[in-house]
Participant: 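Below: one structure in structure tokens.
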Amino acid sequence: MHNLLHNLNPEQLAAVTLPAQSALILAGAGSGKTRVLTTRIAWLIQTGQVSPAGVLAVTFTNKAAKEMMTRLSAMLPINTRGMWIGTFHGLCNRLLRTHYRDAALPQTFQILDSQDQLSVVKRLLKANNIDDEKYPPKTVVYFINNAKDQGLRADKVEAYDPIERKMVELYQLYDDQCQREGVVDFAELLLRTFELLSRNQPLREHYQQRFKHILVDEFQDTNNLQYNWLKLMAGHGERHGGVLFAVGDDDQSIYAFRGANVGNMSAFEREFQVQNLIKLEQNYRSHGHILDCANQLIANNSKRLGKNLRTDAGHGEPVRIYEASSDLAEAQWIIEESKSLIAEGASRSEIAVLYRSNAQSRVIEHALFSAGIPYHVYGGLRYFQRAEVKHAIAYLQLMDNPHNDSAFLRVVNFPTRGIGLRSIEALQAAADQYGISLYAAVPYVAGKAGSSLGNFVKLVEGARFETQQMPLPELVRVVLEASGLLTHYQTEKEGADRIENLEQMVSAASQFVSEEGFGQAAPAHLGPQAQAQAGAAIVNEDGIEIIDADAALPTVMSPLSAFLSHASLEAGDNQATVGQEAVQMMTVHSAKGLEFNNVFITGLEEGLFPHESSSREEGGVEEERRLMYVAITRARQRLYMCFAQTRMLHGQTRYNMKSRFFDELPEESLKWLSPKVQSHWSATSRKSAWDEAPLVGSDNAIAQKLAQKSVSTGAGWRIGESVAHGKFGEGVIVNLEGSGSNARAQINFGSHGMKVLDLSIAKLDRLGR
DNA sequence: AAAGGCTCATTTTTT
DNA sequence: ATGAGCCTTT
């Protein structure tokens, strides 16, 4: 036991060893949050306060869940595989698989990913002749998900205008359609579980009594449904209840746009009468200057629970700030600095380039590529989302649940087998008429179309029959062949990568089977204890028989069903080159939870970061500031920030002011690097027309304009330059016109708007550094 | 059924 | 500027 608690600081120790009461742990960035969470679980188990089966640990991402299990395994000699550690969605899936009957779902229900959900809605709009201009599918999806996240079914949503009434109607139709198909979307997993346990008292009490300790990670990211789900599980306001241990950081709440409600933290404190609030403020990650920046910046937010990070490490290097003349120059600077970091011995994977929006990555990628520096861009399509993989999955889905219309439509004519639009329309009509799935409607379609469709059905049935006794990886291999997918891509000229991805699915299946313990004869792979339990009914104190989820899971789910859930719930990696020794590029959002020795925060300009759309939303700028806080706290040793005077965005040149966040940082922790002014005007190493234009002339109209203007005014003002005006404050010169005494400047004063000032009259100060 | 042309939007993302 | 989705053409 002493081993476990060894090396914990006083706050961490207090959090880990709290009594069995609800607690809120305010865990600052880099304060050892995951360590506290996992050590708490280990300590509870080791001291005999709870058995591994009595722990429920909830995370948002599979990655976090996996990490928790790995760390826990290292601390205790237990098998964490059977433990209830997972994402909200993964845990709900587990519960619904077991209690599918009570949840009114087919045993082989399948999970729609966002793409599939959108396609269901599009189909629905078409089938009901609804104008998709007036009701854009994306908006409808948003409406539905939003309602579900609030815990509301269609009959409970209040509509205030005809549009909303129609939306509610569509919501109902959508749910009906999903029910017919035997599919559930992500939000449905949670809502269905919530409703199941709300209405089924014995079941609810069973789990409430079972889960003595519930632990939640990233609590600030919970939405209302998730919070209510946790309340239900913890038996809040009920006789049977576990203890809720919530860990989060309100300063790192950056997902309001997808329904996260930071207010859940204070709600939890109030509703659970939390006596144990512990702040983890000791930071083990960043040097002093970096933390000072983070602290001073976030102090500008009004709604905070309050927290200040401290470190024992020294000040370290000051934060270096660079004002680039253009986005290209910004990228070039990042290259130069990265090169010297690498020359000093920094590993490339310890350099991260962060940006507010994905569009910014392009220029930087280009510069890194030209410089021959390997890089890796986060984001993009994940493995299970790639078209060819989704096609293969669709065949598997049809074998397991033929009523999944999305899967049916995806592959009924892929590879092409002469089933065109007309056949599908006829089939859809029959399906609508009888209220059945497309697959089930096939026998009702006569003629040639009927026979092609019939052949497709035979193909699926045949594959199902043929693979009945096969281990999962072999099954996948057979389906890849039988579906014609492999042959199809073999004949295609650009198909090599796709074939490779398809082949990879066989190994993904092998890996899944061995890692998740879903061998063909499932119970044999479990430990003796689980085998004894498997399928056994548990009688609770009310004398009601309940099949507990972990006893029943392997018997209730075929390896195929399990693999399909896995494909939906864990979309896989996004690139072939994982873990390469490469510079890491990502949005600030995806950097959350990561840390690097060297971090660049780029594009720190008004309109970009903070993003312009944030000023329109209530609390938007505060969320942007938290985002900036997350960005800063990713850095261990060196932090770089930069911005550009001119930037290409959406095909237009923009002149942004530097970000307001610079004004919120402690000057003594910063080192402003004077821009190499001539680099913008005379750089010859760069091929860009933009940079070369003033020297050699070019057909780049904007560059020419720029060059002429800067000469014609003679006053020395330059487009992109920052200035200060007595009345309007700081601004950026966007354009220059006229010359001599007629010289005027068009200046963007941010919140004071765009002004055209006469340069011979207006008093302007240069703001260059 | 594939290829080429047009319009349109374009913050952030996991499950 | 760029790419995705949709529509037209071959």
Side-chain angles (χ1 to χ4, degrees), chain A residues 58-65 86-93 111-119 122 132-133 136-138 142 145 148-149 184-191 193 217-218 221-223 225-226 253-260 327 354-363 366 378-382 384-385 387 413-421 488 491-494 565-572 574 586-593 603 607-617 620 623-624 626-628 630-631 647-654 690 702:
Chain A
V58 197
T59 64
F60 276 86
T61 64
N62 293 299
K63 198 176 154 204
T87 62
F88 278 103
H89 298 86
L91 296 166
C92 286
N93 182 44
I111 302 165
L112 293 179
D113 66 15
S114 325
Q115 253 176 75
D116 297 334
Q117 186 185 28
L118 189 65
S119 95
K122 282 182 181 166
D132 60 2
E133 305 262 287
K138 286 220 176 79
Y142 176 82
N145 288 341
K148 290 191 180 186
D149 286 347
V184 297
D185 59 51
F186 289 127
E188 184 71 27
L189 282 170
L190 275 127
L191 183 52
T193 309
D217 192 15
E218 306 280 17
D221 288 339
T222 51
N223 65 31
L225 178 56
Q226 286 160 338
S253 161
I254 56 172
Y255 285 115
F257 71 91
R258 66 177 199 206
D327 46 354
L354 311 184
Y355 35 82
R356 176 64 179 80
S357 66
N358 290 301
Q360 288 166 254
S361 76
R362 206 172 201 71
V363 186
H366 183 79
Y378 277 57
L381 266 200
R382 317 267 227 105
F384 283 110
Q385 293 172 336
N413 197 34
F414 191 93
T416 51
R417 43 177 76 89
I419 300 173
L421 218 60
H488 173 83
T491 52
E492 208 167 65
K493 45 188 186 297
E494 312 254 321
S565 297
H566 168 80
S568 305
L569 291 176
E570 196 167 346
N574 72 43
M586 66 195 82
T587 62
V588 180
H589 279 93
S590 32
K592 189 172 162 219
L608 242 184
F609 199 0
H611 198 274
E612 55 196 348
S613 48
S614 71
S615 56
R616 288 193 284 274
E617 293 153 23
E623 175 131 332
E624 295 288 306
R626 291 192 291 270
L627 198 52
M628 180 67 182
V630 167
R647 178 180 298 278
M648 239 0 187
L649 195 66
H650 309 322
Q652 281 190 319
T653 309
R654 309 225 320 194
W690 179 260
I702 304 166

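Proteins get letters first, then strands, A, B, ... in listed order; numbering begins at 1 in each.
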Participant: Give a yes or no on whether the backbone of A:Arg417 and the side-chain of A:Asn413 come within a donor-acceptor separation of less than 3.5 Å.
Facilitator: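 Looks like yes, one N/O pair under 3.5 Å.
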Participant: Taking only residues two or more places apart in sequence or in another chain, which ones pass ring-ring contact (aromatic ring centres under 6.0 Å, His included) with A:Phe257?
Facilitator: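 Only A:Tyr255, A:His589 meet the ring-ring contact (aromatic ring centres under 6.0 Å, His included) criterion with A:Phe257.
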Participant: Taking any atom closer than 4.0 angstrom to a non-hydrogen atom of chain A, what span of DNA chain C does the protein reach, first nucleotide to last?
Facilitator: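 Here the contact window of chain A covers C:dA1 to C:dC6.
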Participant: Suppose you measure atom P in C:dG5 against the same atom in B:dT12; what distance do you get, rounded to whole Å?
Facilitator: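 C:dG5 and B:dT12 have their P atoms separated by 15 Å.
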Participant: Sub-3.5 Å donor-acceptor pair from the side chain of A:Gln226 to the main-chain atoms of A:Asn223, do we have one?
Facilitator: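 Between the backbone of A:Asn223 and the side chain of A:Gln226 there is a qualifying donor-acceptor contact (under 3.5 Å).
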Participant: Rounded to the nearest angstrom, tell me the gap between atom NZ in A:Lys138 and atom P in B:dT11.
Facilitator: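 Distance, rounded to whole Å: 12 Å.
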Participant: Do you know the tightest heavy-atom contact between A:Ser114 and A:Phe186?
Facilitator: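 Closest heavy-atom pair between A:Ser114 and A:Phe186: N-CE1, 4.0 Å.
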Participant: From the set B:dA2, B:dT13, B:dT10, return the single nucleotide nearest to any side-chain atom of A:Thr416.
Facilitator: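 In terms of side-chain proximity for A:Thr416, the closest of B:dA2, B:dT13, B:dT10 is B:dA2.
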Participant: When you compare the ring of A:His589 with the six-membered ring of B:dT12's base, are the centres less than 5.5 Å apart and the planes under 30° from each other?
Facilitator: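 Here A:His589 fails the 5.5 Å or the 30° condition.
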Participant: Across the strands shown, which category fits A:Gln117 at heavy-atom distances under 4.0 angstrom: base, sugar-phosphate, nothing?
Facilitator: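 Nothing, no heavy atom under 4.0 Å.
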Participant: Record whether the side chain of A:Ser357 comes under 3.5 Å of the base of B:dT12 through a donor-acceptor pair of N or O atoms.
Facilitator: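 Flag unset: no donor-acceptor pair detected.
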Participant: Apply salt bridge (Lys or Arg N to Asp or Glu O under 4.0 Å) to the pair A:Asp221 and A:Lys592, showing each step before the final yes or no.
Facilitator: CA-CA 12 Å; A:Asp221 288 339; A:Lys592 189 172 162 219; 2.7 Å; yes
Participant: Look only at the side chain of A:Glu570 and the backbone of A:Asn62, and say whether a donor-acceptor pair between them is shorter than 3.5 Å.
Facilitator: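 Here the side-chain-to-backbone pair does not exist.
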Participant: Is the distance from OP1 or OP2 of B:dT15 to the nearest side-chain N or O of A:Arg382 less than 4.0 Å?
Facilitator: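 For A:Arg382, the contact criterion (side-chain N or O under 4.0 Å from OP1 or OP2 of B:dT15) is met.
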Participant: Quick one: on DNA chain B, does A:Ile419 or A:Leu627 contact a more 5' nucleotide (nearest heavy atom)?
Facilitator: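 So the residue in question is A:Ile419.
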Participant: Measure CG/A:Leu381 against C1'/B:dT13 and give the value in whole Å, please.
Facilitator: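 Nearest whole value for this atom pair: 14 Å.
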Participant: Think A:Asn413 has a side-chain N or O under 4.0 angstrom from the OP1 or OP2 of B:dA1?
Facilitator: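 Answer yes for this pair, as a side-chain N or O of A:Asn413 is under 4.0 Å from OP1 or OP2.
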Participant: Please report, rounded to the nearest Å, how far the P atom of B:dT12 is from the CG atom of A:Leu649.
Facilitator: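 Distance, rounded to whole Å: 11 Å.
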Participant: Select one nucleotide: of B:dT11, B:dT14, B:dT13, the one nearest the side-chain heavy atoms of A:Thr61.
Facilitator: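 Taking heavy atoms from C-beta onward, the closest nucleotide is B:dT14.
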Participant: Send over the distance from A:Asn62 CG to B:dT13 P, rounded to a whole Å.
Facilitator: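 So the two atoms are 17 Å apart, to the nearest Å.
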Participant: Provide, to the nearest angstrom, the distance between the CZ atom belonging to A:Arg362 and the P atom belonging to B:dT10.
Facilitator: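 Going from CZ in A:Arg362 over to P in B:dT10 covers 17 Å.
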Participant: Within the structure provided, determine whether A:Asp113 and A:Phe384 are in side-chain contact (heavy-atom separation under 4.5 Å).
Facilitator: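 No - every pair of side-chain heavy atoms lies 4.5 Å or more apart.
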Participant: Take atom CG of A:Leu354 and atom P of B:dT12, then tell me their distance rounded to the nearest Å.
Facilitator: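 Checked: the CG to P distance equals 14 Å.
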Participant: Choose from B:dT11, B:dT15, B:dT13 the nucleotide whose nearest atom is closest to any side-chain atom of A:His650.
Facilitator: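 The closest nucleotide is B:dT11.
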Participant: Let me see the working for A:Ser613 and A:His611 under side-chain hydrogen bond (donor to acceptor under 3.5 Å, both in side chains), right down to the final yes or no.
Facilitator: CA-CA 6 Å; A:Ser613 48; A:His611 198 274; 2.7 Å; yes
Participant: With a 3.5 Å cut-off and heavy atoms only, can you find an N or O donor on one side and an acceptor on the other between the side chain of A:Ser114 and the base of B:dT15?
Facilitator: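 Yes.
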Participant: For B:dT12, does OP1 or OP2 lie under 4.0 Å from any side-chain N or O of A:Asn358?
Facilitator: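 Result: yes.
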Participant: Nearest whole angstrom, please: distance from the C1' of B:dT15 to the OH of A:Tyr255.
Facilitator: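 So the OH-C1' distance, A:Tyr255 to B:dT15, works out to 12 Å.
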Participant: Mapping A:Ser590 and A:His488 onto DNA chain B by nearest heavy atom, which one lands closer to the 5' end?
Facilitator: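 Between the two, 5'-proximity favours A:His488.
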Participant: With centres under 5.5 Å and planes under 30°, do A:Phe257 and B:dT12 count as stacked?
Facilitator: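 Yes.
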Participant: Give the rounded distance in Å between these two atoms: CZ of A:Arg626 and C1' of B:dT11.
Facilitator: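 After rounding, the gap between these two atoms is 15 Å.
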